[in-house]
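Both backbone and side-chain heavy atoms feed into the values below; hydrogens, waters and symmetry mates do not. Note on naming: letters A, B, ... go to the chains in the order of the sequence lines (proteins, then strands), and numbering restarts at 1 for each one. Since this is a predicted model, take the numbers as computed values, not measurements.
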There are 2 protein chains.
Amino acid sequence: MAEDVFKALADPTRRRILDELAERDGQSLFEICARLATKHGLGLSRQAISQHLAVLEAAGLVRTRRQGRYKFHDLNTGPLERIVTRWLRPDVPESAP
Amino acid sequence: MAEDVFKALADPTRRRILDELAERDGQSLFEICARLATKHGLGLSRQAISQHLAVLEAAGLVRTRRQGRYKFHDLNTGPLERIVTRWLRPDVPESAP
DNA sequence: TTGTCATGCAAGTCATCACTTGCCTATGGT
DNA sequence: ACCATAGGCAAGTGATGACTTGCATGACAA
C-alpha cells in the first residue's frame with residue numbers, strides 16, 4: 001500500500017537505513033546499527049533500528065532472508081518507482097516514442 | 001529540504017490535496033475544501049486544510065499567488081522528481097544511450 | 001548441556017502532529 | 001460607511017509515533 005511507503009519514508013532514520021542498504025545490501029541488524037553509529041553518529045538502541053526495519057519491511061522497501069541466527073536485509077526499490085509518478089504528468093516520458 | 005518534502009507527503013489528506021491540484025491548478029482554499037468534501041467525503045475544517053497547505057507550501061510542493069482577497073494554489077512537482085532518485089541507481093536510465 | 005550471540009516481543013514514556021475552536025485582519029461589493 | 005467573504009493567528013486537545021527498558025526465544029560453539 002502506498003500509505004505504508006510514505007509513512008516509512010517520513011522518518012529520517014529510516015531514510016538513512018535505506019541509504020545504508022543502497023550502499024551495501026544484505027546487512028544484518030547489528031551491522032546496520034554499527035554503521036549508523038559510526039558513519040552518521042546515530043546513537044540509537046538496537047530495538048529502535050529493529051522497529052524501523054520492521055516498518056520498512058511492512059512497506060515493501062526492505063526484503064529479509066533468514067540464515068541461521070542471522071537475518072539479512074536487502075533494499076527493494078520497487079515501491080519507490082510507483083509512488084511519485086502519481087503527481088507527475090500522466091504521460092510518462094519513458095514510454096513516449 | 002528533502003525532510004520537509006517527505007513529511008509533507010506522509011499525510012493522506014495532503015496527498016489528496018496534491019491530487020486535487022494535479023487535476024486542477026490554481027484553486028483557492030475554499031475551493032479545495034469544497035472539492036475534498038464532495039469528491040472524497042472529507043469533512044475537515046477550513047483551518048485544517050489551511051494548515052495542510054502551509055505544510056505543502058513550506059515543502060515547495062505548492063506555490064501560491066495572491067490576487068485581491070483570493071489566494072490561489074498551484075502544484076509544483078519539482079521537489080518530487082529529486083527525492084526518490086536518491087535510492088534508485090546512481091545511473092539514471094533517462095540519460096543512458 | 002551450558003553459555004553466548006543475534007534477534008523478537010511487550011509495555012511504558014515522551015514528543016510530535018492533526019484537528020478544532022475562537023478571535024482577528026483585510027479585501028470587495030452595496 | 002457597512003457587511004459579507006477569504007484568509008490568518010493562536011492556544012488547546014487527542015492520537016499517533018519514536019525510543020527505551022526488560023525479558024524471552026532460537027541458533028551456534030565449547
Side-chain angles (χ1 to χ4, degrees), chain A residues 1-21 24-38 40-59 61-74, chain B residues 1-21 24-38 40-59 61-74:
Chain A
M1 202 148 303
E3 170 76 24
D4 303 320
V5 179
F6 284 114
K7 286 204 172 181
L9 292 175
D11 189 83
T13 303
R14 284 196 284 268
R15 294 196 296 272
R16 288 292 165 92
I17 293 177
L18 293 183
D19 290 337
E20 196 50 56
L21 289 179
R24 175 192 286 204
D25 244 0
Q27 296 190 54
S28 81
L29 173 57
F30 270 46
E31 286 181 271
I32 298 175
C33 283
R35 296 176 72 109
L36 286 181
T38 61
H40 304 281
L42 294 188
L44 290 174
S45 73
R46 176 180 57 86
Q47 283 77 0
I49 310 291
S50 179
Q51 289 167 4
H52 281 309
L53 285 171
V55 174
L56 289 170
E57 187 175 5
L61 291 168
V62 164
R63 295 199 149 273
T64 62
R65 45 191 164 93
R66 288 211 73 126
Q67 202 161 0
R69 55 178 167 179
Y70 298 99
K71 186 178 182 182
F72 300 111
H73 303 77
D74 299 293
Chain B
M1 202 146 303
E3 170 77 23
D4 303 319
V5 180
F6 285 113
K7 285 202 172 181
L9 293 175
D11 189 83
T13 303
R14 283 196 285 268
R15 294 196 297 272
R16 289 291 168 90
I17 293 177
L18 293 183
D19 290 337
E20 196 50 57
L21 289 179
R24 174 190 286 203
D25 244 0
Q27 295 190 53
S28 80
L29 173 57
F30 272 47
E31 285 181 271
I32 298 174
C33 283
R35 294 176 73 108
L36 286 181
T38 61
H40 304 281
L42 295 189
L44 289 174
S45 74
R46 176 181 59 86
Q47 283 77 1
I49 309 291
S50 178
Q51 289 167 3
H52 281 309
L53 285 171
V55 173
L56 289 170
E57 187 176 5
L61 291 168
V62 164
R63 295 199 149 272
T64 62
R65 45 191 164 93
R66 287 210 73 125
Q67 203 163 359
R69 55 177 165 178
Y70 298 99
K71 186 178 182 183
F72 299 112
H73 303 78
D74 299 292

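Atom CG in B/L18 sits 9.0 Å away from atom CG in B/L53 (nearest 0.5 Å). Residue A/L44 holds its CG atom at 12.5 Å from OG of A/S50, rounded to the nearest 0.5 Å. Rounded to the nearest 0.5 Å, atoms SG (A/C33) and CD (A/Q27) are 10.5 Å apart. The structure places CD1 of B/I17 at 10.0 Å from NE2 of B/H40, a figure rounded to the nearest 0.5 Å.
Here C/dG8 is the nucleotide among C/dC19, C/dG8, C/dT21 with the atom lying nearest to any side-chain atom of A/Q47. When the nucleotides D/dC19, C/dT7, C/dT20 are ranked by their closest atom to the side chain of A/T13, D/dC19 comes out on top. Of the candidate nucleotides D/dA18, D/dG7, D/dC19, D/dA18 has the atom nearest to the side chain of A/R14.
Applying the side chain to side chain donor-acceptor pair (under 3.5 Å) rule to A/R66 yields no partners; only residues at least two apart in sequence or on another chain are considered. Taking B/D74 as the reference, B/R65 meet the side chain to side chain donor-acceptor pair (under 3.5 Å) condition, with sequence neighbours excluded.
The nearest whole Å value for the distance from the CD atom in A/E3 to the P atom in D/dT16 is 12 Å. Atom CG of B/L53 and atom C1' of D/dC9 are 16 Å apart (whole Å). Between the CZ atom of A/R16 and the P atom of D/dC19 there is a distance of 13 Å, given to the nearest Å. The CG-P distance, from B/L29 to D/dC9, rounds to 12 Å in whole Å. Atom CD in A/Q51 sits about 13 Å away from atom P in D/dT21, given to the nearest Å. Rounded to an integer number of Å, the gap from A/Q27 CD to C/dT7 C1' is 16 Å. In this structure, the CZ atom of B/R65 is 16 Å from the C1' atom of D/dA6, given to the nearest Å. Here C/dG8 presents its P atom at 10 Å from CZ of A/F30, a figure rounded to the nearest Å.
For the pair B/H52 and C/dC19, the criterion of a side-chain N or O lying under 4.0 Å from OP1 or OP2 is met. Under 4.0 angstrom from either OP1 or OP2 of D/dT20 there lies at least one side-chain N or O belonging to A/S45. Taking only side-chain nitrogens and oxygens, B/K7 comes nearer than 4.0 Å to OP1 or OP2 of C/dC17. Within the structure, every side-chain polar atom (N or O) of A/K71 is placed at least 4.0 Å from both OP1 and OP2 of D/dG26.
Salt bridge present: B/K7 and B/E3 bring a charged side-chain N and a carboxylate O closer than 4.0 Å.
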Could you run down the sub-3.5 Å N/O contacts of the protein with nucleotides 24-30 of chain C?
residue : atom : partner : partner atom : Å
C/dT27  : O2   : B/R69   : NH1          : 3.3
C/dG28  : O4'  : B/R69   : NE           : 3.4

